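For reference, the structure is listed below as structure tokens.
FYI, side chains are in, hydrogens and waters are out, and symmetry mates aren't considered; it's all heavy atoms of this structure. Only a predicted model underlies this, so the values are computations on that prediction, with no experimental measurement involved.
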Amino acid sequence: VLVPIDVEECMDWEKGMIYSRLKEHGLHYGMSFQRIQKFKLMGENKAVSVVDCGDVSGKDLLLHPSILDCCFQTAVLHHCLAHKNNDVQF
């Protein structure tokens, strides 16, 4: 189900802020896994990430692992920010 999103009303997080926040929670990503360029928290149940999908090795893969991992990174960021839970352990 596609849900319309009013992106203008969302809080923007840029790449540096995103990976600093994840690092605070003990999640350290190498450069090849730092593909989220922008993250938008849109309330308690929604978040959107803009992911750089260009220039990944293993181009014969249906979905490169670093791109798939961005889905998990988005979910973790959403949980930490939407629920204001600074004690999340992973």
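- In this structure, OG in Ser66 is found 11.5 Å from OH in Tyr29, a value given to the nearest 0.5 Å.
- When hydrophobic clusters are built by joining Ile, Leu, Val, Met, Phe, Trp and Tyr residues whose side-chain heavy atoms come closer than 4.5 Å, directly or via intermediates, Met17 is grouped together with Phe33.
- Between Ser20 and Gly16, the closest heavy-atom pair is OG-O, 2.9 Å.
- Annotation: side chain of Phe39 is not in contact with side chain of Val48 (no heavy-atom distance under 4.5 Å).
- For the side chain to side chain donor-acceptor pair (under 3.5 Å) test, residues two or more places apart in sequence or in another chain that qualify with Tyr19 are Gln73.
- Looking only at side-chain heavy atoms (C-beta outward), Lys38 and Glu14 come within less than 4.5 Å of each other.
- The SG atom of Cys71 lies 7.0 Å from the CG atom of Leu63; values are rounded to the nearest 0.5 Å.
- In this structure the side chain of Lys15 never reaches within 4.5 angstrom of the side chain of Ile36, judged on heavy atoms.
- Rounding to the nearest 0.5 angstrom, the gap separating the CG atom in Leu22 from the CG atom in Leu77 is 4.0 Å.
- Partners of Asp52 under the side chain to side chain donor-acceptor pair (under 3.5 Å) rule, at least two apart in sequence or in another chain, do not exist in this structure.
- Taking 4.5 Å as the limit, some side-chain heavy atom of Leu27 sits within range of a side-chain heavy atom of Val76.
- When side chains are defined from C-beta on, Gln37 does not count as touching Val51, because their heavy atoms never get closer than 4.5 Å.
- Among residues two or more places apart in sequence or in another chain, the side chain to side chain donor-acceptor pair (under 3.5 Å) test is passed with Ser49 by Thr74.
- When atom types are taken as modelled, the side chain of Arg21 and the backbone of Trp13 share no donor-acceptor pair closer than 3.5 angstrom.
- The two residues Arg35 and Gly54 come nearest to each other via the heavy atoms NH1-O, 3.2 Å.
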